[in-house]
Amino acid sequence: MAENVRVKNIGLRGVMVADTKISFIDGEKGILIYRGYRIEELAQRSSFMETAYLLLQGILPSTRQLEDFSREVIEARSIPGFILESFRRWPKEAHPMDILQASIPLLAMADPELSTETREANVRKAIRIIARVPGLVGAWDRIRQGLEPLPPKSHLSHAANFLWQLQGVEPDAEIARDLDTCLLLHADHTFNASTFACREVVSTQAHMYAGVAAGVGALSGSLHGGANVQVMKMLRELESEKDIPAWVKRQLSQGRKIMGMGHAVYKTMDPRAKFLKEMGQRLGKKFGREKWPQLSDQIEKAAIEEFAKEGRTTIRPNVDFYSAPVYHLMGIPADLMTAIFAMSRVAGWCAHIIEEKFAEAQEKPALYRPEAEYMGQYCGLMGCTYEPIQARS
Ligand SMILES: CC(C)(COP(=O)(O)OP(=O)(O)OC[C@H]1O[C@@H](n2cnc3c(N)ncnc32)[C@H](O)[C@@H]1OP(=O)(O)O)[C@@H](O)C(=O)NCCC(=O)NCCS
């Protein structure tokens, strides 16, 4: 790396830390590519299952390969009984992301191939994780309400089965298809904070579940996946607000952020947000609840106008800005929204974990071990004099 390039205290923005063959973003042009394929093409023509296969295996599957992969996922959906038993004893007010993060090591305990570190075994582990995360989310939501968890239905798609296990009703085909598209759109996003967390953890040769648990933790924060919950809070707060531009102005003048806007990489509208915006408008019409997409649109316009006054022309809606109203229209509780993101992103995390473990984009595996410049007390190489506690003032 060239000398004098500032790489510290900037959250690693713009710093290349590894090679990857999984996804690519052009932040200026608003382009996202998974394994060579534009996200727009995949959203229109593919499915979450096919995209998960693409991310994990690097190629689009044949009909047979997709059937086998989907069958393996469906067969792995059941949640081990001891995990459901644990859920019954956990505090009902616990946050679903904490529950999810705590559940991933429990899934590890139930994995018969936990310590088998071949690529094939890791793909099978990925299949089990992708298959079970929706069931964990659905079961927790039901148990916390005093309801019984529901068994998966093998004739339902990944998204439809999740809605069934959550809501106890098989969703209509359009909603299931829309949720499937949401999952596909969130499935990977290069070296975002949670993916980097997963890769950093498994670079120590820790197993896949240890990496995924770290990913869930990183995703939960409100600057990352947790932003969709904050967006929903904002929409609720503004439900009866008459003057959105004035609210936006106040928010910014008080140094607060407009959640769901801005991105570390995109300097234009997030390509995923465009799909979700259109989906929200369509679902709003379908359910006669157009106020939600309209409110989002008003906030977007007012914020862009206000940012422009400060010369900030690159802060645009990100994926969370429009996923929140979409999930709300699907009847998903606000505090589950980040867990829905995780249900999808596990596909990308597992693909990155495999790439990291097997050095698929670089010469050999490398343990992440950055450095930090020491800015603390320093008394020379001999160290400071240790005063016994009684002698300290
Ligand atoms: C995601 C995010 C952290 C990316 O930020 P970034 O551009 O890499 O870096 P910063 O956070 O330093 O933002 C740069 C500047 O734009 C401002 N900014 C960025 N997003 C903003 C937002 N949503 N509302 C108000 N101001 C924003 C920052 O305050 C900062 O201002 P400063 O230069 O005066 O300090 C940031 O846009 C954000 O916090 N957005 C809201 C949370 C969110 O939606 N997260 C989900 C991301 S997918």
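Side chains included, hydrogens not; waters and symmetry mates left out as well; all remaining heavy atoms used. Whatever order the structure lists them in is the order used to number ligands and atoms, beginning at 1. The residues of the chain are indexed from 1 along the displayed sequence.
- Looking at E113, H207, E117 one by one, the single match for side-chain hydrogen bond (donor to acceptor under 3.5 Å, both in side chains) with N122 turns out to be E117.
- Less than 4.0 angstrom separates atom 10 (P) of ligand 1 from none of the non-hydrogen atoms of the protein.
- Inclusion of D320 in the set of residues having an N or O under 3.5 Å from an N or O of ligand 1 is not warranted.
- Judged by distance alone, the side chains of S47 and E50 never bring a donor and an acceptor atom under 3.5 Å apart.
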>> I'd like to know whether S157 forms a side-chain contact (heavy atoms from CB on, under 4.5 Å) with F48, so could you lay out the CA-CA distance, the side-chain angles of the two residues, the decisive distance to 0.1 Å, and finally the verdict.
In response: CA-CA 9 Å; S157 72; F48 175 68; over 6 Å; no

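- The aromatic rings of H224 and F341 stand perpendicular to each other, their planes meeting at an angle above 60°, with 30° marking the opposite boundary.
- By the criterion of a heavy-atom distance under 4.0 Å, the backbone of H224, and not its side chain, is placed next to ligand 1.
- Considering backbone and side-chain atoms together, A227 places no N or O closer than 3.5 Å to any N or O of ligand 1.
- Taking a 6.0 Å sphere around CZ of R369, one finds it holds 12 or fewer heavy atoms contributed by other residues, nucleotides or ligands.
- Close approach to G260 involves these atoms of ligand 1, each under 4.0 Å from a residue heavy atom: 43 (C), 44 (O).
- Nearest protein heavy-atom contact of atom 5 (O) of ligand 1 is R13 NH2, 4.2 Å.
- Ligand 1 lies within reach of R312, whose nearest heavy atom is under 4.0 Å from it.
- For the residue pair A347 and I130, the shortest heavy atom distance occurs at CA-CD1, 4.0 Å.
- When L223, I258, V319, N228 are checked for heavy-atom proximity to atom 46 (C) of ligand 1, L223 turns out nearest.
- Here I315 has side-chain heavy atoms under 4.0 Å from ligand 1, and that is the only part of it that gets that close.
- When non-hydrogen atoms are compared, ligand 1 lies under 4.0 Å from the backbone of A264 as well as from its side chain.
- Here OH of Y37 is found 4.0 Å from CG of L60. Values are rounded to the nearest 0.5 Å.
- Scanning the protein for heavy atoms near atom 42 (C) of ligand 1, the closest one is M259 CE, 3.5 Å.
- The shortest heavy-atom distance from F321 to ligand 1 is not under 4.0 Å.
- Contact check for D270 versus F275: no side-chain heavy atoms found under the 4.5 Å cut-off.
- Under 4.0 angstrom from ligand 1, the non-hydrogen atoms of L252 all belong to its side chain.
- When the heavy atoms of H189, K257, E306 are ranked by distance to atom 28 (C) of ligand 1, first place goes to K257.
- Partners of I244 under the side chain to side chain contact (heavy atoms under 4.5 Å, CB included) rule, at least two apart in sequence or in another chain, are L238, E241, V248, L295, Q298, I299, A302.
- In this structure, Q230 falls outside the shell of residues with a heavy atom less than 4.0 angstrom from ligand 1.
- Looking only at side-chain heavy atoms (C-beta outward), E306 and I258 stay at 4.5 Å or farther from each other.
- Nearest to atom 1 (C) of ligand 1 among the protein's heavy atoms is G262 O, 3.9 Å.
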